[in-house]
Amino acid sequence: MPFDTDVLISGAGAAGLALAIDLARRGIAFMLIEQKTQAFGGSRGKGIQLRTLEVFEDFGIADRLAAGGGAYPPIRSYRADGSFEETLMTEATAIPDAAEPYARPLMVAQFRTEAVLRERLAELEHAVQFGVSLVGFDEDDEGVSARIEGAGGDRRIRARYLVGTDGGRSFVRQALGIAFPGETLGVRALVADVRMDGLERRAWHRFQRGAAATQLMICPLMGTDIFQIQGPVPREGDLDLSPQTLTALVRERSGRNDIVVHAVSWSSVYVMNARLADRYRVGRVFLAGDAAHIHPPTGGQGLNTSVQDAYNLGWKLAAVLKGAPDLLLDTYEEERRPIAANMLGLSTRLLGEALDGPMRRNREVRQLDLHYRSSSLSRPGSADAPVLAGDRAPDAPCRGQAGQPTRLFTLYQGPHWTLLGPDAAHPPAARPGLRVVLVGERGDVIDEGGHILAAYGLQPEEWVLVRPDGYIAARFGSEGMGLSGIPCVGRHNG
């Protein structure tokens with residue numbers, strides 16, 4: 001049967017958009033469909049962690065996102081007498097360094113993050129097909145035959161792969177019969193984007209700290225004139241989330257009469273769960289984002305984990321479509337499911353802390369230390385190096401041979417692999433999909449401040465191979481094995 005596209009992506013949230021961008025820049029044909037008739041307009045997720053900022057820099061949108069958001073404000077916790085104390089969400093000493101160019105998370109309302117992703121997709125000459133639902137699919141050895149419904153009626157789409165990025169109630173996951181075990185955490189909460197008077201925008205306001213049933217958080221969404229209201233609500237019964245009712249709720253929990261909600265642009269009531277799909281892949285069908293894992297919003301992990309699911313899967317789909325072994329696609333679940341399992345534990349623990357006490361967010365939420373060391377794609381090497389196979393490849397400022405300042409992240413940016421090594425007399429031959437970066441006085445870049453050496457600990461004649469998603473695949477020496485031992489990264493290899 002003829003194919004209509006290579007990859008059908010069902011669901012145009014952050015995961016689906018990130019996957020589409022990654023496929024678009026690799027020249028892979030895809031369709032991105034979304035059952036809603038218009039873009040999501042709420043701020044369910046608002047935190048962009050540091051590793052995700054690095055991903056977005058690779059996509060070319062980190063600065064655009066920063067312009068649409070801002071830094072997290074201090075948390076202002078009010079006492080019963082109206083006095084308060086302020087604490088920072090992250091350490092005051094957090095500053096960028098050579099290896100980690102982003103030091104603090106960015107607050108961007110989810111609707112704005114997704115708008116920037118759609119803008120980037122448009123620049124790559126693609127767009128979301130809104131109002132189109134996936135209603136059925138069958139898989140065979142060669143591809144997936146999907147049935148979709150839209151304004152023009154039903155039609156059949158033939159794709160080589162299907163990716164379900166269709167949220168916690170994923171149709172794709174349910175159609176595959178994949179179990180979604182976990183637990184309901186016993187917390188029902190509201191979240192609402194509102195316009196209001198009575199609170200200044202320089203702080204994240206917290207009332208009734210430590211009262212698990214009646215705590216209230218009101219956060220200014222940076223880059224907008226909107227506040228986000230969050231708080232637990234009774235486990236049973238319908239809730240009226242009109243401006244009048246929300247004003248009364250705020251008055252009751254804050255003890256203040258001067259806070260008035262004028263308009264509600266988006267609202268939701270939800271029960272918190274922590275669940276993880278048993279499988280991420282069945283044949284030619286994959287799950288990513290909330291379709292594979294759902295969890296409490298505490299710690300700002302959800303959107304970030306979803307984007308990085310897509311970042312991991314995108315280059316692997318592209319490689320297999322260009323001739324790499326299909327087994328490469330098994331490493332998606334191998335690498336990403338353990339990350340999600342740990343994230344569920346972290347966000348659940350932070351939920352308990354948020355209900356009972358402080359909301360400090362330290363390095364564990366930033367996702368810079370996540371690694372794939374045990375992955376079958378990571379080639380073990382010396383255990384004494386600063387970074388090992390499977391680790392995130394650090395950034396490092398350096399100087400180009402032509403005299404201009406540059407960074408390793410600038411050299412890594414794009415869909416290619418990168419081979420980093422010494423300015424050898426006989427560098428490796430060029431091959432498709434691989435950028436060779438030689439370091440030294442006769443190389444492409446000069447390690448002027450010693451930052452590359454400090455970050456990587458490169459020894460003479462040692463090489464580091466960096467994957468397209470910015471993780472180290474291997475460290476090896478040229479002596480004894482020759483550069484022919486480099487894993488294949490060309491057009492027809494993974």
Side-chain angles (χ1 to χ4, degrees), residues 10-18 32-49 52 56 61 64-65 68-70 72-73 105-119 121 128 130-131 133 165-170 187-196 199 201 204-205 216-233 238-243 245-247 249-250 261-273 289-291 293-307 347 351 354:
S10 179
L17 288 164
L32 175 58
I33 61 173
E34 169 56 54
Q35 66 176 356
K36 298 182 179 67
T37 57
Q38 60 186 7
F40 176 67
S43 64
R44 185 178 291 113
K46 59 181 180 293
I48 308 296
Q49 299 296 345
T52 308
F56 286 156
I61 58 173
R64 196 179 308 178
L65 275 168
Y72 273 73
L106 185 65
M107 181 190 287
V108 187
Q110 184 173 342
F111 64 83
R112 184 154 286 177
T113 296
E114 293 183 3
V116 169
L117 289 167
R118 287 193 300 273
E119 288 172 4
L121 191 61
V128 180
F130 285 104
S133 301
T165 52
D166 50 346
R169 296 185 175 90
S170 171
V187 178
R188 188 180 184 220
L190 72 84
V191 56
D193 294 349
V194 305
R195 288 177 172 82
M196 64 192 310
L199 290 175
R201 300 188 63 84
W204 186 341
H205 305 273
L216 188 70
M217 306 284 289
I218 305 178
C219 178
L221 295 176
M222 297 295 102
T224 77
D225 60 353
I226 295 172
F227 284 87
Q228 182 192 67
I229 298 177
Q230 292 177 296
V233 295
D238 296 331
L239 289 179
D240 174 10
L241 297 181
S242 66
T245 303
L246 287 175
T247 296
L249 176 70
V250 172
V261 176
H262 296 293
V264 180
S265 59
W266 173 81
S267 63
S268 177
V269 176
Y270 64 100
V271 176
M272 294 188 190
N273 287 271
D290 288 353
H293 43 75
I294 57 172
H295 44 84
T298 41
Q301 300 295 288
L303 182 147
N304 297 273
T305 303
S306 297
V307 167
S347 58
L351 172 63

- [ ] Test D193 against V264 for side-chain contact (heavy atoms from CB on, under 4.5 Å), laying out the working first.
- [x] CA-CA 6 Å; D193 294 349; V264 180; over 6 Å; no
Would a distance-only check, ignoring hydrogens and angles, find a side-chain to backbone donor-acceptor pair under 3.5 Å from [X] to [Y]?
| X | Y | value |
| --- | --- | --- |
| Q35 | S133 | no |
| T305 | Q301 | yes |
| S347 | H295 | no |
| R112 | G68 | yes |
| R201 | M222 | no |
| N304 | G47 | yes |
| S306 | G302 | yes |
| S43 | K46 | no |
| S265 | V194 | no |
| T247 | P243 | yes |

TODO: Measure across M107 and L221 and return the closest heavy-atom pair with its distance rounded to 0.1 Å.
DONE: SD-CA, 4.0 Å
Open item on the list: Which heavy atom of M196 sits nearest to which heavy atom of V261, and what is that distance?
Closed with: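 Reported closest heavy-atom pair: CB-CA, 4.0 Å.
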Task: Of V116, L117, T113, the residue whose pairing with L17 passes side chain to side chain contact (heavy atoms under 4.5 Å, CB included) - done: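 It is L117; the other options fail the test.
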TODO: Compute the ring centroids of F40 and W266, then answer whether they are less than 6.0 Å apart.
DONE: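 Judged by ring-centre distance (under 6.0 Å), F40 and W266 do meet the cut-off.
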TODO: Apply side-chain contact (heavy atoms from CB on, under 4.5 Å) to the pair L65 and L106, showing each step before the final yes or no.
DONE: CA-CA 9 Å; L65 275 168; L106 185 65; 4.2 Å; yes
Task: Worked verdict on M217 versus H205 for side-chain contact (heavy atoms from CB on, under 4.5 Å) - done: CA-CA 6 Å; M217 306 284 289; H205 305 273; over 6 Å; no
TODO: Dump the intermediate steps for side-chain contact (heavy atoms from CB on, under 4.5 Å) on V191 and Y270, then the final yes or no.
DONE: CA-CA 8 Å; V191 56; Y270 64 100; 4.0 Å; yes
